[in-house]
A.B. asks: 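Take a look at the following structure, please.
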Amino acid sequence: NGTRPAKGIVVGTQVLEQSLDLDFDVMASDLAPIDLLLQRAGRLFRHDRELTARHPHKEPHLYINMETTGGDKGIYTEYILNMTTEALNGRSQLHLPADYRPLIEAVYGALNPQPDSPNYEAWKKLDDLTADLEDEAEQRLMNIPKPKRPFYRTAKVQGFKEDEDGNAWVNAQTRWGQESITVIPLQRIGDTAVPIHATDQTPIPLNAKADRETQLRLLRRSLRLSNRTLIAYLKAQKDTESWPLFTKSPLLKYVYPLWLEPHNQSQNVFINEESNQPVYLHPELGLVMGSPDVY
(Lines give C-alpha, C1' and ligand atoms only; values in the text may rest on other atoms or scores of the structure.)
Protein backbone atom coordinates (compact mmCIF):
# COMPACT_ATOMS: atom_id res chain seq x y z
CA ASN A 1 0.00 0.00 0.00
CA GLY A 2 2.96 2.30 -0.51
CA THR A 3 2.94 5.32 -2.77
CA ARG A 4 4.30 4.27 -6.14
CA PRO A 5 5.75 6.91 -8.49
CA ALA A 6 4.16 7.19 -11.93
CA LYS A 7 7.54 6.43 -13.49
CA GLY A 8 10.92 5.42 -12.15
CA ILE A 9 14.19 3.75 -13.08
CA VAL A 10 15.98 1.69 -10.44
CA VAL A 11 19.68 0.89 -10.89
CA GLY A 12 20.66 -1.72 -8.33
CA THR A 13 22.96 -4.56 -7.37
CA GLN A 14 22.28 -8.20 -6.56
CA VAL A 15 20.50 -7.15 -3.37
CA LEU A 16 17.35 -6.68 -5.47
CA GLU A 17 17.07 -10.44 -5.97
CA GLN A 18 17.07 -11.22 -2.24
CA SER A 19 13.75 -11.34 -0.37
CA LEU A 20 12.50 -7.90 -1.39
CA ASP A 21 8.85 -7.36 -2.24
CA LEU A 22 9.43 -5.23 -5.34
CA ASP A 23 7.35 -4.98 -8.49
CA PHE A 24 8.87 -3.94 -11.83
CA ASP A 25 7.25 -3.51 -15.24
CA VAL A 26 10.41 -4.33 -17.18
CA MET A 27 13.90 -5.44 -16.19
CA ALA A 28 17.38 -5.48 -17.73
CA SER A 29 20.06 -7.63 -16.08
CA ASP A 30 23.65 -8.63 -16.68
CA LEU A 31 24.21 -12.36 -17.09
CA ALA A 32 24.19 -14.24 -13.78
CA PRO A 33 23.74 -17.88 -12.69
CA ILE A 34 20.33 -19.15 -13.79
CA ASP A 35 18.90 -19.40 -10.26
CA LEU A 36 19.74 -15.77 -9.60
CA LEU A 37 18.24 -14.66 -12.92
CA LEU A 38 15.04 -16.48 -12.01
CA GLN A 39 15.05 -14.74 -8.63
CA ARG A 40 15.31 -11.39 -10.37
CA ALA A 41 12.58 -12.33 -12.84
CA GLY A 42 10.32 -12.94 -9.85
CA ARG A 43 10.23 -9.17 -9.32
CA LEU A 44 8.47 -8.65 -12.66
CA PHE A 45 4.68 -8.17 -12.46
CA ARG A 46 4.87 -9.32 -8.84
CA HIS A 47 1.90 -7.25 -7.65
CA ASP A 48 -1.65 -7.43 -8.94
CA ARG A 49 -1.93 -4.05 -10.64
CA GLU A 50 -4.05 -2.75 -13.49
CA LEU A 51 -2.26 -2.96 -16.85
CA THR A 52 -3.13 0.64 -17.52
CA ALA A 53 -0.92 1.57 -14.56
CA ARG A 54 2.00 -0.15 -16.27
CA HIS A 55 1.80 2.20 -19.26
CA PRO A 56 3.07 0.45 -22.44
CA HIS A 57 4.24 -2.68 -20.55
CA LYS A 58 1.39 -5.14 -21.03
CA GLU A 59 3.43 -8.22 -20.17
CA PRO A 60 6.68 -8.81 -18.24
CA HIS A 61 9.93 -8.44 -20.21
CA LEU A 62 13.37 -9.50 -18.99
CA TYR A 63 16.34 -8.35 -21.07
CA ILE A 64 19.66 -10.11 -20.38
CA ASN A 65 23.05 -8.75 -21.39
CA MET A 66 24.80 -11.98 -22.40
CA GLU A 67 28.23 -10.38 -22.89
CA THR A 68 30.58 -11.09 -19.96
CA THR A 69 33.83 -9.50 -18.83
CA GLY A 70 36.59 -10.45 -16.44
CA GLY A 71 34.68 -8.56 -13.77
CA ASP A 72 31.67 -10.84 -14.18
CA LYS A 73 33.85 -13.93 -13.79
CA GLY A 74 35.35 -12.41 -10.65
CA ILE A 75 31.87 -12.40 -9.09
CA TYR A 76 30.31 -15.56 -10.52
CA THR A 77 31.83 -18.89 -11.51
CA GLU A 78 32.74 -18.96 -15.20
CA TYR A 79 31.46 -22.51 -15.68
CA ILE A 80 28.03 -21.71 -14.21
CA LEU A 81 27.79 -18.62 -16.44
CA ASN A 82 28.67 -20.77 -19.47
CA MET A 83 26.05 -23.37 -18.58
CA THR A 84 23.46 -20.64 -17.99
CA THR A 85 24.20 -19.26 -21.45
CA GLU A 86 23.68 -22.72 -22.97
CA ALA A 87 20.43 -23.19 -21.06
CA LEU A 88 19.05 -19.86 -22.31
CA ASN A 89 20.27 -20.05 -25.91
CA GLY A 90 17.40 -20.36 -28.37
CA ARG A 91 14.76 -19.34 -25.83
CA SER A 92 12.61 -16.30 -26.46
CA GLN A 93 10.30 -16.89 -23.49
CA LEU A 94 10.36 -18.30 -19.99
CA HIS A 95 7.25 -20.07 -18.70
CA LEU A 96 7.24 -19.85 -14.93
CA PRO A 97 6.93 -21.83 -12.76
CA ALA A 98 7.05 -24.67 -15.33
CA ASP A 99 10.60 -23.80 -16.48
CA TYR A 100 12.15 -23.50 -13.02
CA ARG A 101 13.19 -27.10 -12.58
CA PRO A 102 14.34 -27.80 -16.20
CA LEU A 103 16.51 -24.65 -16.22
CA ILE A 104 18.07 -25.34 -12.82
CA GLU A 105 18.81 -28.96 -13.72
CA ALA A 106 20.27 -27.94 -17.09
CA VAL A 107 22.83 -25.77 -15.32
CA TYR A 108 23.54 -27.56 -12.05
CA GLY A 109 22.62 -31.13 -12.94
CA ALA A 110 24.64 -31.50 -16.14
CA LEU A 111 27.24 -34.27 -16.46
CA ASN A 112 30.86 -33.27 -16.01
CA PRO A 113 32.36 -32.21 -19.35
CA GLN A 114 35.03 -34.29 -21.05
CA PRO A 115 38.60 -32.94 -21.54
CA ASP A 116 37.86 -32.08 -25.18
CA SER A 117 34.83 -29.94 -24.22
CA PRO A 118 35.17 -26.13 -24.49
CA ASN A 119 33.73 -25.97 -20.97
CA TYR A 120 36.29 -28.36 -19.47
CA GLU A 121 38.79 -25.76 -18.22
CA ALA A 122 36.06 -23.66 -16.59
CA TRP A 123 34.59 -26.78 -14.98
CA LYS A 124 38.04 -27.87 -13.74
CA LYS A 125 38.51 -24.50 -11.98
CA LEU A 126 35.14 -24.94 -10.27
CA ASP A 127 35.96 -28.53 -9.31
CA ASP A 128 39.31 -27.50 -7.81
CA LEU A 129 37.64 -24.64 -5.92
CA THR A 130 34.98 -27.01 -4.57
CA ALA A 131 37.69 -29.38 -3.32
CA ASP A 132 39.55 -26.52 -1.62
CA LEU A 133 36.37 -25.30 0.09
CA GLU A 134 35.56 -28.82 1.29
CA ASP A 135 39.03 -29.02 2.82
CA GLU A 136 38.48 -25.65 4.51
CA ALA A 137 35.12 -26.82 5.86
CA GLU A 138 36.66 -30.05 7.15
CA GLN A 139 39.16 -28.06 9.23
CA ARG A 140 36.29 -26.24 10.93
CA LEU A 141 34.19 -29.29 11.79
CA MET A 142 33.89 -30.27 15.44
CA ASN A 143 34.46 -33.85 16.48
CA ILE A 144 31.36 -35.87 17.33
CA PRO A 145 30.42 -35.10 20.98
CA LYS A 146 30.59 -37.98 23.43
CA PRO A 147 28.04 -38.18 26.29
CA LYS A 148 30.63 -39.01 28.96
CA ARG A 149 33.16 -36.35 28.02
CA PRO A 150 32.88 -32.55 28.34
CA PHE A 151 32.05 -30.83 25.09
CA TYR A 152 35.23 -28.77 24.99
CA ARG A 153 37.36 -31.93 25.01
CA THR A 154 35.79 -33.10 21.77
CA ALA A 155 36.79 -29.90 19.96
CA LYS A 156 39.71 -30.04 17.60
CA VAL A 157 42.80 -28.30 18.89
CA GLN A 158 43.16 -25.24 16.68
CA GLY A 159 44.60 -21.80 16.98
CA PHE A 160 42.11 -18.96 17.31
CA LYS A 161 42.88 -15.39 16.35
CA GLU A 162 40.09 -12.84 16.50
CA ASP A 163 40.60 -11.33 13.07
CA GLU A 164 37.50 -11.31 10.88
CA ASP A 165 39.50 -9.78 8.02
CA GLY A 166 42.11 -12.53 7.93
CA ASN A 167 42.27 -16.24 7.14
CA ALA A 168 43.09 -17.11 10.75
CA TRP A 169 39.51 -16.64 11.96
CA VAL A 170 39.16 -20.40 11.96
CA ASN A 171 36.39 -21.31 14.37
CA ALA A 172 34.09 -18.36 13.66
CA GLN A 173 34.27 -18.29 9.87
CA THR A 174 30.95 -19.60 8.56
CA ARG A 175 30.93 -18.60 4.91
CA TRP A 176 33.30 -18.22 1.99
CA GLY A 177 33.49 -15.08 -0.08
CA GLN A 178 35.65 -12.42 -1.62
CA GLU A 179 38.34 -11.01 0.66
CA SER A 180 37.54 -7.63 2.17
CA ILE A 181 39.20 -5.37 4.72
CA THR A 182 38.22 -2.44 6.92
CA VAL A 183 39.88 0.90 6.12
CA ILE A 184 39.74 4.43 7.50
CA PRO A 185 40.40 7.31 5.06
CA LEU A 186 42.91 9.61 6.74
CA GLN A 187 45.18 12.55 5.98
CA ARG A 188 48.66 12.32 7.49
CA ILE A 189 50.01 15.57 8.89
CA GLY A 190 53.43 14.98 10.38
CA ASP A 191 53.12 12.24 12.99
CA THR A 192 49.36 12.66 13.29
CA ALA A 193 46.28 11.42 11.44
CA VAL A 194 43.21 13.52 10.68
CA PRO A 195 39.87 11.88 9.69
CA ILE A 196 38.79 13.27 6.32
CA HIS A 197 35.46 15.10 6.00
CA ALA A 198 34.84 14.58 9.72
CA THR A 199 33.29 17.26 11.91
CA ASP A 200 36.04 16.79 14.48
CA GLN A 201 39.36 17.56 12.77
CA THR A 202 41.52 17.17 15.89
CA PRO A 203 44.82 15.48 14.88
CA ILE A 204 45.39 12.02 16.40
CA PRO A 205 48.99 11.02 17.31
CA LEU A 206 50.26 8.07 15.31
CA ASN A 207 53.01 7.10 17.77
CA ALA A 208 50.73 6.40 20.75
CA LYS A 209 47.86 4.10 21.71
CA ALA A 210 44.49 5.86 21.41
CA ASP A 211 41.88 5.99 24.15
CA ARG A 212 38.56 4.22 23.60
CA GLU A 213 36.64 7.33 22.56
CA THR A 214 39.27 8.20 19.93
CA GLN A 215 39.19 4.64 18.59
CA LEU A 216 35.41 4.79 18.27
CA ARG A 217 35.70 8.19 16.62
CA LEU A 218 37.94 6.66 13.96
CA LEU A 219 35.81 3.55 13.53
CA ARG A 220 32.81 5.73 12.72
CA ARG A 221 34.74 6.76 9.60
CA SER A 222 35.57 3.19 8.55
CA LEU A 223 34.67 1.52 5.24
CA ARG A 224 34.81 -2.02 3.84
CA LEU A 225 36.84 -2.59 0.66
CA SER A 226 37.11 -5.65 -1.56
CA ASN A 227 39.22 -4.30 -4.44
CA ARG A 228 42.08 -6.81 -4.77
CA THR A 229 44.68 -4.34 -6.01
CA LEU A 230 43.95 -1.88 -3.22
CA ILE A 231 43.91 -4.63 -0.59
CA ALA A 232 47.35 -5.85 -1.68
CA TYR A 233 48.70 -2.28 -1.59
CA LEU A 234 47.29 -1.52 1.88
CA LYS A 235 48.54 -4.80 3.36
CA ALA A 236 52.04 -4.18 2.01
CA GLN A 237 51.93 -0.63 3.33
CA LYS A 238 50.84 -1.75 6.80
CA ASP A 239 53.71 -4.26 6.90
CA THR A 240 56.20 -1.40 6.50
CA GLU A 241 54.40 1.07 8.79
CA SER A 242 53.96 -0.08 12.38
CA TRP A 243 52.26 2.96 13.91
CA PRO A 244 51.31 2.35 17.58
CA LEU A 245 47.95 4.00 16.88
CA PHE A 246 47.01 0.86 14.91
CA THR A 247 49.24 -1.78 16.53
CA LYS A 248 48.54 -0.89 20.19
CA SER A 249 44.90 0.26 20.03
CA PRO A 250 42.74 -2.88 20.45
CA LEU A 251 39.81 -1.69 18.29
CA LEU A 252 42.11 -0.59 15.46
CA LYS A 253 44.41 -3.61 15.37
CA TYR A 254 42.82 -5.06 12.24
CA VAL A 255 42.01 -1.76 10.55
CA TYR A 256 44.03 -0.35 7.65
CA PRO A 257 44.73 3.37 7.27
CA LEU A 258 44.02 4.67 3.76
CA TRP A 259 46.26 7.71 3.40
CA LEU A 260 44.84 10.40 1.15
CA GLU A 261 46.02 13.88 0.20
CA PRO A 262 44.05 16.92 -1.01
CA HIS A 263 43.55 16.84 -4.77
CA ASN A 264 45.05 19.84 -6.52
CA GLN A 265 42.26 20.37 -9.04
CA SER A 266 39.15 19.33 -7.10
CA GLN A 267 38.10 21.17 -3.97
CA ASN A 268 37.36 19.02 -0.92
CA VAL A 269 38.46 15.85 -2.76
CA PHE A 270 41.23 13.67 -1.31
CA ILE A 271 43.22 11.19 -3.41
CA ASN A 272 45.80 8.42 -3.11
CA GLU A 273 48.21 8.57 -6.04
CA GLU A 274 50.67 5.90 -4.84
CA SER A 275 48.52 2.82 -5.37
CA ASN A 276 48.17 1.15 -8.78
CA GLN A 277 44.43 1.41 -8.16
CA PRO A 278 43.33 5.08 -8.42
CA VAL A 279 41.06 5.90 -5.50
CA TYR A 280 39.71 9.12 -4.04
CA LEU A 281 37.29 10.31 -1.39
CA HIS A 282 34.52 12.62 -2.57
CA PRO A 283 32.40 14.58 -0.06
CA GLU A 284 29.16 13.47 -1.76
CA LEU A 285 30.05 10.27 -3.63
CA GLY A 286 32.14 8.69 -0.89
CA LEU A 287 35.11 6.47 -1.72
CA VAL A 288 35.41 6.10 -5.50
CA MET A 289 37.64 3.78 -7.54
CA GLY A 290 39.03 5.82 -10.40
CA SER A 291 40.34 9.28 -11.15
CA PRO A 292 38.59 12.44 -9.91
CA ASP A 293 39.55 14.39 -13.02
CA VAL A 294 35.99 14.22 -14.37
CA TYR A 295 34.88 16.25 -11.37
Side-chain angles (χ1 to χ4, degrees), residues 74 136 140 158-293 295:
E136 288 283 331
R140 290 165 172 79
Q158 298 191 34
F160 182 79
K161 182 180 179 183
E162 193 169 348
D163 175 13
E164 64 179 355
D165 292 327
N167 295 326
W169 184 280
V170 178
N171 292 350
Q173 186 171 342
T174 58
R175 66 185 65 187
W176 173 81
Q178 186 175 0
E179 181 183 13
S180 63
I181 61 174
T182 301
V183 305
I184 301 176
L186 297 166
Q187 181 183 6
R188 183 160 51 193
I189 302 177
D191 288 339
T192 67
V194 178
I196 299 173
H197 297 156
T199 303
D200 186 353
Q201 293 284 302
T202 305
I204 302 169
L206 288 168
N207 53 10
K209 173 184 174 181
D211 58 45
R212 178 176 175 80
E213 183 54 40
T214 300
Q215 294 178 61
L216 293 175
R217 172 187 159 203
L218 286 172
L219 286 176
R220 293 187 188 102
R221 314 297 301 176
S222 65
L223 303 166
R224 296 287 293 181
L225 293 182
S226 57
N227 182 280
R228 295 179 182 178
T229 302
L230 197 54
I231 287 177
Y233 163 74
L234 292 174
K235 284 189 171 182
Q237 185 184 57
K238 191 169 184 178
D239 288 341
T240 59
E241 295 181 349
S242 55
W243 295 107
L245 175 62
F246 294 97
T247 60
K248 302 298 184 182
S249 304
L251 300 179
L252 303 178
K253 187 173 292 185
Y254 303 112
V255 173
Y256 293 80
L258 174 59
W259 300 114
L260 303 172
E261 296 295 331
H263 188 244
N264 294 331
Q265 302 175 1
S266 304
Q267 185 178 8
N268 214 18
V269 170
F270 289 74
I271 186 171
N272 182 304
E273 296 182 307
E274 296 180 358
S275 169
N276 291 329
Q277 168 62 61
V279 59
Y280 66 96
L281 189 68
H282 190 278
E284 296 178 355
L285 301 177
L287 194 65
V288 182
M289 303 296 170
S291 171
D293 295 339
Y295 296 99

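The figures here come from the full heavy-atom set of this structure, side chains too, leaving out hydrogens, waters and symmetry mates.
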A.B. asks: About how many Å separate CD of Glu261 and CG of Leu186, when rounded to the nearest 0.5 Å?
C.D. replies: 11.0 Å
A.B. asks: Can you confirm whether Lys209 sits close enough to Pro250 that some side-chain heavy atom of one is under 4.5 Å from a side-chain heavy atom of the other?
C.D. replies: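 Yes, their side chains come closer than 4.5 Å.
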A.B. asks: Which heavy atom in Phe246 sits nearest to a heavy atom in Val255, and how many Å separate them?
C.D. replies: CD2-O, 3.9 Å
A.B. asks: Taking Leu287 as the fixed residue, which of Asn227, Leu258, Ile196 is the one that meets the side-chain contact (heavy atoms from CB on, under 4.5 Å) rule?
C.D. replies: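 Of all the options given, the one that passes is Leu258.
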A.B. asks: Let me confirm one number: the CD1-CG distance from Ile184 to Leu260, rounded to the nearest 0.5 Å.
C.D. replies: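 Spacing of CD1 (Ile184) from CG (Leu260) equals 12.0 Å.
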A.B. asks: Can you name the nearest heavy-atom pair linking Leu234 to Pro257, along with the distance?
C.D. replies: CD2-O, 3.7 Å
A.B. asks: Quick check on salt bridge (charged side-chain N to carboxylate O under 4.0 Å, His left out): which of Arg228, Lys235, Arg224 does Glu179 satisfy it with?
C.D. replies: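 Exactly one pass, corresponding to Lys235.
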A.B. asks: Hey, are the side chains of Gln277 and Tyr233 touching, using non-hydrogen atoms and a 4.5 Å cut-off?
C.D. replies: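 Gln277 vs Tyr233: side chains apart.
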A.B. asks: Check whether any side-chain N or O of Ser249 sits under 3.5 Å from a backbone N or O of Ala210 as a donor-acceptor pair, and report yes or no.
C.D. replies: yes
A.B. asks: Ignoring hydrogens and geometry, is there a side-chain-to-backbone donor-acceptor pair from Gln215 to Leu251 under 3.5 Å?
C.D. replies: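 Indeed, once roles are kept as given, a pair shorter than 3.5 Å links the two residues.
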A.B. asks: Count the heavy atoms belonging to other residues, nucleotides or ligands that lie under 6.0 Å from CG of Asp211, then report whether that count exceeds 12.
C.D. replies: yes
A.B. asks: Is Gln201 atom CD crowded by more than 12 heavy atoms from other residues, nucleotides or ligands, each under 6.0 Å away?
C.D. replies: yes
A.B. asks: Using modelled atom types only, decide if a donor and an acceptor are shared between the side chain of Asn272 and the backbone of Trp259 within a distance under 3.5 Å.
C.D. replies: yes
A.B. asks: Please find the pair of heavy atoms, one from Ala193 and one from Pro195, that lie closest to each other, and give the distance.
C.D. replies: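 It is O-CD, 4.0 Å.
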A.B. asks: Roughly how far, to the nearest 0.5 Å, is the CG atom of Asp191 from the CD1 atom of Ile204?
C.D. replies: 14.0 Å
A.B. asks: Verify, without hydrogens or angle tests, whether Arg221 (side chain) and Pro185 (backbone) share a donor-acceptor contact under 3.5 angstrom.
C.D. replies: no
A.B. asks: Keeping the roles fixed (side chain from Arg188, backbone from Leu206), state whether a donor-acceptor pair exists under 3.5 Å.
C.D. replies: no
A.B. asks: Is there a donor-acceptor contact under 3.5 Å linking the side chains of Tyr256 and Gln237?
C.D. replies: no
A.B. asks: Report the residue from Leu230, Leu225, Thr229 that forms a side-chain contact (heavy atoms from CB on, under 4.5 Å) with Val279.
C.D. replies: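 Between Val279 and the candidates, side-chain contact (heavy atoms from CB on, under 4.5 Å) is satisfied uniquely by Leu230.
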A.B. asks: Grab the two heavy atoms, one from Ile231 and one from Ser180, that are nearest each other, plus how far apart they are.
C.D. replies: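 Looking at all heavy atoms of both residues, the closest pair is CD1-CA, 4.0 Å.
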A.B. asks: Looking at Tyr280 and Gly290, what are the two nearest heavy atoms and their distance?
C.D. replies: CD2-O, 3.2 Å
A.B. asks: Closest approach of Pro203 and Val194, non-hydrogen atoms and distance?
C.D. replies: CA-CG2, 3.9 Å
